[in-house]
Chemist: 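Please see the structure below; I have some questions.
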Amino acid sequence: MDAAKDEGDGPVLATIRQQRPDQTYLLFNYAPEKVQPYLKWLRLKAPAPAKIEARHAPLSSPVDYTDIYQAAEAQLQYIWDLHPLAHRSILVSPGTPAMQAVWILLGKTRFPAEFLQASPQQGVQPVHLPFAISAEFQPADATQAGQQLRELVAADVPKTAGFERIITKHPRLQDIKRRAAALARFDIPVLILGESGTGKELFARAIHNSSTRSERPFVAVNCGAIQPELIDSILFGHAKGAFTGALRDTAGVFEQANGGTLFLDELGELSPPAQVRLLRVLQEGRVVPVGADREREVDVRLICATHRDLQANIAERRFREDLYYRIAVGVLELPPLRERQGDVYRLTEHFLIEIGEQLGFQHTLLLTPAARNRLLQHAWPGNVRELRAALLRAALWTTDGRIDAPDIDGALLVRTAASDDILNRSLGKGFDLDALLHDVERHYLKRAMLAAEGSKTKASRLLGLGSHQVLTTRLRRQGLDESPRKSSRDR
């Protein structure tokens, strides 16, 4: 965020002249009309073909850390998403000390970048910071207004069994916990939506444990794991002799959960015929076991979960609309871990203690700053379940309790479909060697650029290539080379 200069190049122009970036982003907090003369001058003076995009980041005060953080985070997220593989630099010279502090914190953790500084005396120089930072930032919410809202945000989630195991300080998930606690008081169906690993069963158990049915059974079944020919038997039970191997009367999960709660996970995987039979049970409150001639009454509280978009499935006629409205009375949609800012750190601390006790370690499990930053930069497609599994794998090999960045890299097990069982593909019809090699190359190019934080020199070394020019050629061939030279991030 930089004012116009009366004389000389100024730090922004000096940096552009030396670095020759493909793209420069100039963030400013002045009124746009005041900045236009400076932008005109800068574009005139900058060496061709410089691309300069000015982005307005209004601040209430140039020394308000919350305002600066929120503006900087939003702008960096936009820029980093546009150029995921570019070598990125942040010019820290312009702006207030508060701005410089925020740039360094963000550039050392969530948005890895090279730092540059510029002065008339020493010119443009890289900034070497001799320390590592491990942090996630949660600025104070400066937008909340009204005493009632402040009291709502500060209210504790009821300490009923189950809810205290849902570790979060994220406002959205805290609100979902409150709504789940409220739903627990009413004997109505609940539908929990969310990606795999976001904690849908944990919420279901917490709702059950907080309800009037808490002393009765909680039965969970994964609908996606049931073979189609066994669905009726699993859900509704079967009578002795109903089919080969049916040696005795067996109760289905509806009867097993009678009086309590039945949790049907991955409900969206049920076939349309099974959906019809499930709807009938929900409407009538009675089941007929396979091979039986009498109905049996059941009284269950139904909680369903799925990672699928059921409304889209309804439009595609893959899920029954009448069943949807039967189960979607109380609806909770859990956010993915990547959207729960601050929770990766909290969950990591919780899991490290839990894993240490599980494995019987005498020493405390500790993460280095570099290891923590690996966790913070990971996308977590498997969400909370993936985080715990990765920490467990990393902990298995430590001898002194210290977990470093390479331990986390090995524990994440990031693979693509192209790398799965690559040496055992079936030959013949449909096999395409060129396509397979193309996918493998793309996978390792992306992985190396991510590990090298956008540095082509480092990435080429990781891949064993002769030079970064060879790497650039391969990136271009794969359509991954968004910026062959540096992109400077100025303000």
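The analysis underlying the following values was restricted to heavy atoms, covering all of them including side chains, and did not include hydrogens, waters or symmetry mates.
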Chemist: Just to verify, what does Arg385 make a salt bridge (Lys or Arg N to Asp or Glu O under 4.0 Å) with, not counting sequence neighbours?
Modeler: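 Partners of Arg385 by the salt bridge (Lys or Arg N to Asp or Glu O under 4.0 Å) criterion come out as none, since no residue qualifies.
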Chemist: For Gln311, does the CD atom have more than 12 heavy-atom neighbours from other residues, nucleotides or ligands under 6.0 Å away?
Modeler: no
Chemist: I want to check something: taking the side chain as every heavy atom from C-beta on, are Val384 and Glu386 in contact at a cut-off of under 4.5 Å?
Modeler: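 They are not in contact (no side-chain heavy atoms under 4.5 Å apart), so the answer is no.
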Chemist: Does NZ or CZ of Arg55 lie under 6.0 Å from the centre of the six-membered ring of Tyr78, at an angle within 45° of the ring axis?
Modeler: yes
Chemist: Under 3.5 Å, is there a donor-acceptor pair between the side chain of Arg402 and the main chain of Leu365?
Modeler: no
Chemist: Looking at Leu375, is its backbone amide N or carbonyl O close enough to the side chain of Trp380 to form a donor-acceptor pair, meaning the two atoms are under 3.5 Å apart?
Modeler: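 At least one qualifying donor-acceptor pair exists.
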Chemist: So how far is it from Ile68 CD1 to Gln100 CD, rounded to the nearest 0.5 Å?
Modeler: 10.0 Å
Chemist: Looking only at the side chains, is there a donor atom on one of Gln478 and Glu441 sitting less than 3.5 Å from an acceptor on the other?
Modeler: yes
Chemist: Charged N to carboxylate O below 4.0 Å: is that the case for Asp265 and Lys200?
Modeler: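 Salt bridge flag = no for Lys200 with Asp265.
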Chemist: Which value, rounded to the nearest 0.5 Å, describes the distance between Leu480 atom CG and Lys446 atom NZ?
Modeler: 6.5 Å
Chemist: Between Leu13 and Trp41, is any pair of side-chain heavy atoms under 4.5 Å apart?
Modeler: yes
Chemist: Between Phe319 and Tyr324, what is the ring plane arrangement, given parallel below 30°, perpendicular above 60°, and tilted in between?
Modeler: perpendicular
Chemist: Under 4.5 Å between any side-chain heavy atoms of Leu191 and Cys304, yes or no?
Modeler: yes
Chemist: If only side-chain N and O atoms count, and only distance matters, is there a donor-acceptor pair under 3.5 Å linking Asp404 with Thr368?
Modeler: yes
Chemist: I would like to know whether Arg179 and Ile176 meet side chain to side chain contact (heavy atoms under 4.5 Å, CB included); could you show each step before the answer?
Modeler: CA-CA 5 Å; Arg179 288 194 285 141; Ile176 292 172; 3.6 Å; yes
Chemist: Under a 3.5 Å threshold, yes or no: a donor from one side chain and an acceptor from the other, between Glu195 and Asn383?
Modeler: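 Yes, because at least one side-chain N or O of Glu195 sits under 3.5 Å from a partner of the opposite role on Asn383.
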Chemist: Does Thr96 use its side chain to pair, donor to acceptor, with the backbone of Pro62 at less than 3.5 Å?
Modeler: yes
Chemist: Any chance you could measure Leu302, atom CG, to Ile188, atom CD1, to the nearest 0.5 Å?
Modeler: 11.5 Å
Chemist: Look up atom OG in Ser211 and atom CD1 in Ile303, then write down how far apart they are to the nearest 0.5 Å.
Modeler: 7.5 Å
Chemist: Any sub-3.5 Å donor-acceptor pair from His128's side-chain atoms to Phe115's backbone N or O?
Modeler: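 Absent.
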Chemist: Does CZ belonging to Arg338 count more than 12 external heavy atoms closer than 6.0 Å?
Modeler: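 Counting neighbours around CZ of Arg338, more than 12 heavy atoms of other residues, nucleotides or ligands fall under 6.0 Å, so yes.
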Chemist: Please name the pair of heavy atoms, one in Asp22 and one in Lys51, separated by the smallest distance, quoted to 0.1 Å.
Modeler: O-CB, 3.5 Å
Chemist: Is any side-chain heavy atom of Glu354 closer than 4.5 Å to one of Arg388?
Modeler: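 Heavy-atom side-chain distance check passes, below 4.5 Å.
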Chemist: For Gln469, does its backbone N or O pair with a side-chain atom of Thr473 as donor and acceptor, under 3.5 Å?
Modeler: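 Flag set: sc Thr473 to bb Gln469 pair under 3.5 Å.
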Chemist: Between Phe263 and Phe218, how do the two ring planes meet: parallel, tilted or perpendicular, split at 30° and 60°?
Modeler: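 Taking Phe218 first and then Phe263, their aromatic rings lie parallel (interplane angle under 30°).
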Chemist: For a quick test of reading the model, state the closest non-hydrogen atom pair linking Gln75 to Ala57 and the distance between them.
Modeler: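 So the minimum-distance heavy-atom pair works out to NE2-CB, 4.3 Å.
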Chemist: Looking only at atom types and distance, does a side-chain atom of Gln117 sit under 3.5 Å from a main-chain N or O of Val127, one as donor and one as acceptor?
Modeler: no
Chemist: Between Glu114 and Ser89 (side chain of the first, backbone of the second, donor and acceptor by atom type, cut-off under 3.5 Å), is there such a pair?
Modeler: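 Pair absent, no side-chain N/O of Glu114 close to backbone of Ser89.
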Chemist: Is the shortest heavy-atom distance from the side chain of Phe351 to the side chain of Ile167 under 4.5 Å?
Modeler: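 Phe351 vs Ile167: side chains apart.
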Chemist: Is Arg346 paired with Asp343 through a side-chain N to carboxylate O contact shorter than 4.0 Å?
Modeler: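 So Asp343 pairs with Arg346 through a salt bridge.
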Chemist: For the pair Ile403 and Leu366, evaluate side chain to side chain contact (heavy atoms under 4.5 Å, CB included) and give the outcome as yes or no after the intermediate values.
Modeler: CA-CA 6 Å; Ile403 300 174; Leu366 297 173; over 6 Å; no
Chemist: Using the ring-ring contact (aromatic ring centres under 6.0 Å, His included) criterion, which residues pair with His363? Sequence neighbours excluded.
Modeler: Phe361
Chemist: Are His83 and Tyr25 an aromatic pair, judged by ring center distance below 6.0 Å?
Modeler: yes
Chemist: Taking the side chain from Lys456 and the backbone from Leu471, do they hold a donor-acceptor pair closer than 3.5 Å?
Modeler: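 No, because the side chain of Lys456 does not come within donor-acceptor range (under 3.5 Å) of the backbone of Leu471.
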Chemist: Taking atom CG of Leu42 and atom OG1 of Thr24, what is their separation to the nearest 0.5 Å?
Modeler: 8.0 Å
Chemist: Just so I know, are the side chains of Asn313 and Leu310 near enough to count as touching, which here means a heavy-atom distance under 4.5 Å?
Modeler: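 In short, these two side chains touch, coming nearer than 4.5 Å.
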Chemist: So which atom in Ser93 and which in Pro11 form the shortest heavy-atom distance, rounded to 0.1 Å?
Modeler: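 Heavy atoms only, the tightest pair is CB-CB, 4.1 Å.
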Chemist: Would the distance check show the side chain of Ser460 and the main-chain N or O of Thr457 forming a donor-acceptor pair, the cut-off being under 3.5 Å?
Modeler: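 Side chain of Ser460 to backbone of Thr457: a pair is present.
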Chemist: Would you mind reporting whether Arg442 and Leu445 have side-chain heavy atoms less than 4.5 Å apart?
Modeler: no
Chemist: Find out whether Leu332 and Leu183 are in side-chain contact, i.e. whether some heavy atom of one side chain is under 4.5 Å from a heavy atom of the other.
Modeler: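 Yes. Closest side-chain heavy atoms under 4.5 Å.
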Chemist: If I compare all heavy atoms of Pro126 with all of Leu116, which pair ends up nearest, and what's the gap?
Modeler: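 Of all heavy-atom pairs spanning Pro126 and Leu116, the closest is CA-CD2, 3.9 Å.
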Chemist: Could you pull out the closest heavy-atom pair between Met449 and Ala459, with the gap in Å?
Modeler: SD-CB, 3.6 Å
Chemist: Please report the interatomic distance OH(Tyr345) to OG1(Thr348), rounded to the nearest 0.5 Å.
Modeler: 9.0 Å
Chemist: Mind listing the closest non-hydrogen atom pair of Ala371 and Ala405 along with its distance?
Modeler: CB-N, 3.7 Å
Chemist: List the steps and the verdict of side chain to side chain contact (heavy atoms under 4.5 Å, CB included) for Arg374 and His378.
Modeler: CA-CA 6 Å; Arg374 282 286 197 277; His378 187 59; over 6 Å; no
Chemist: Yes or no on side chain to side chain contact (heavy atoms under 4.5 Å, CB included) for Phe203 and Leu173, after CA distance, side-chain angles and deciding distance?
Modeler: CA-CA 11 Å; Phe203 266 87; Leu173 194 58; 3.9 Å; yes
